Colleague: 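What follows is a single structure, and I will ask about it in a moment.
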Amino acid sequence: LRDVETLSREQGFPMWEAGSWMYQGWWMIQRGELDRGIEYLDRGHKGWLATGAGNIGPYQRALLADAYSRAGRDVEARRWIEEAVRWGEQVDERGHEAEVHRLKGDILSRGASRDDASAETAYKNSLSIARRQQARGWELRTATSLARLWKSQGKAREAHDLLAPIYNWFTEGFDTKDLKEAKALLEELEHRT
């Protein structure tokens, strides 16, 4: 990613330089470097918008919201996720819409101000969007998140019945993170039903 950043700067592509900051920030968040990751995500998002590009703005905001949530900064997380949803509706951007709503559910289901009912609503919105768009990857991610929530509420049967048919639709890609997580959760659920 640093090569992308350097090359973009050298060749005068500020949007792609900002995009590299977003990816670097996301990677830092995945490794647990929350403060530094948030700094890069924020820098990348601001740089991206400074170029006049508005595309993927809702998703960028959702990534920032998720990062703040992981850092225990619930107020900022909720502000950013609501802005992500609002921005997506305002600019009619639908490419990451299901994922934005899934991340909203994740944010609402963690932290001191956890709200399972609102999280479930966000997950159901995400599922509806993913199904309407026939976006199986987003549908799998959301079903996994909702199944985790239901598992925590003692609804193992409902969780299994939601996730199993979506997981079974896939015929390849079983070494990907999303399918591995779904399989592991299904195995846990099968022991509880």
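Note that this is a predicted model, so its numbers are computed, not measured.
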Colleague: Can you check side chain to side chain donor-acceptor pair (under 3.5 Å) on Tyr123 and Asp106, steps first, answer last?
Modeller: CA-CA 8 Å; Tyr123 290 141; Asp106 284 355; 2.5 Å; yes

Colleague: Any heavy-atom pair between the side chains of Glu97 and Gln133 that's under 4.5 Å?
Modeller: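 Yes, their side chains come closer than 4.5 Å.
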
Colleague: Is any side-chain heavy atom of Trp21 closer than 4.5 Å to one of Glu5?
Modeller: yes

Colleague: For Arg36, is there an ion pair with Glu33 - N to carboxylate O distance below 4.0 angstrom?
Modeller: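 Yes.
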
Colleague: Any side-chain heavy atom of Asp66 within less than 4.5 Å of one from Leu63?
Modeller: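 No. Closest side-chain heavy atoms not under 4.5 Å.
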
Colleague: Between Arg110 and Ser69, is there a side-chain heavy-atom distance shorter than 4.5 Å?
Modeller: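 The answer is yes; the side chains approach within 4.5 Å.
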
Colleague: Counting C-beta onward and ignoring hydrogens, is there a side-chain heavy-atom pair between Ile166 and Arg131 closer than 4.5 Å?
Modeller: yes

Colleague: Tell me, please, which residues at least two apart from Lys124 pass salt bridge (Lys or Arg N to Asp or Glu O under 4.0 Å).
Modeller: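 Expected list: Glu120.
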
Colleague: Please find the pair of heavy atoms, one from Pro165 and one from Leu162, that lie closest to each other, and give the distance.
Modeller: CD-O, 3.6 Å

Colleague: For side-chain contact (heavy atoms from CB on, under 4.5 Å), just list the numbers for Arg148 and Glu181, CA-CA rounded to whole Å, side-chain angles, deciding distance to a tenth of an Å, and then say yes or no.
Modeller: CA-CA 11 Å; Arg148 275 194 199 107; Glu181 287 181 6; 3.2 Å; yes

Colleague: Step by step, work out the side-chain contact (heavy atoms from CB on, under 4.5 Å) result for Trp48 and Met22.
Modeller: CA-CA 9 Å; Trp48 189 272; Met22 290 291 299; 5.7 Å; no

Colleague: Within the supplied structure, the quantity of interest is the number of heavy atoms (other residues, nucleotides, ligands) at a distance under 6.0 Å from Lys155 NZ; does it exceed 12?
Modeller: yes

Colleague: When you compare the side chain of Leu146 with that of Trp150, does any pair of heavy atoms fall below 4.5 Å?
Modeller: yes

Colleague: List for me each residue that meets salt bridge (Lys or Arg N to Asp or Glu O under 4.0 Å) alongside Glu99, sequence neighbours excluded, and say none if there are none.
Modeller: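 So Glu99 forms a salt bridge (Lys or Arg N to Asp or Glu O under 4.0 Å) with Arg102, Arg141.
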
Colleague: Looking at Ala98, is its backbone amide N or carbonyl O close enough to the side chain of Ser126 to form a donor-acceptor pair, meaning the two atoms are under 3.5 Å apart?
Modeller: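 Yes; at least one donor-acceptor contact below 3.5 Å.
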
Colleague: Leu64 versus Asp42: any side-chain heavy-atom pair under 4.5 Å?
Modeller: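 Yes - at least one pair of side-chain heavy atoms lies under 4.5 Å apart.
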
Colleague: side-chain contact (heavy atoms from CB on, under 4.5 Å) for His96 and Ile56? Distances and angles first, verdict last.
Modeller: CA-CA 7 Å; His96 292 90; Ile56 73 167; 3.8 Å; yes

Colleague: For His45, run the ring-ring contact (aromatic ring centres under 6.0 Å, His included) check against Tyr40, Tyr59, Trp80 and tell me which one passes.
Modeller: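 Answer after filtering Tyr40, Tyr59, Trp80: Trp80.
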
Colleague: Could you please spell out the steps behind the side-chain contact (heavy atoms from CB on, under 4.5 Å) verdict for Ile129 and Trp138?
Modeller: CA-CA 9 Å; Ile129 293 162; Trp138 295 141; over 6 Å; no

Colleague: Do Lys180 and Lys183 make a side-chain contact, defined as non-hydrogen atoms from C-beta onward lying under 4.5 Å apart?
Modeller: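 Answer no - side chains too far apart.
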
Colleague: What's the separation between atom CZ in Arg192 and atom NE2 in His160, rounded to the nearest 0.5 Å?
Modeller: 13.0 Å

Colleague: Please list, one pair per line, the donor and acceptor atoms closer than 3.5 Å that link side chains of residues 81-91 to other protein atoms, with sequence neighbours excluded.
Modeller:
unit_1: Glu82; atom_1: OE2; unit_2: Lys104; atom_2: NZ; d: 3.2
unit_1: Glu83; atom_1: OE2; unit_2: Arg61; atom_2: NE; d: 2.9

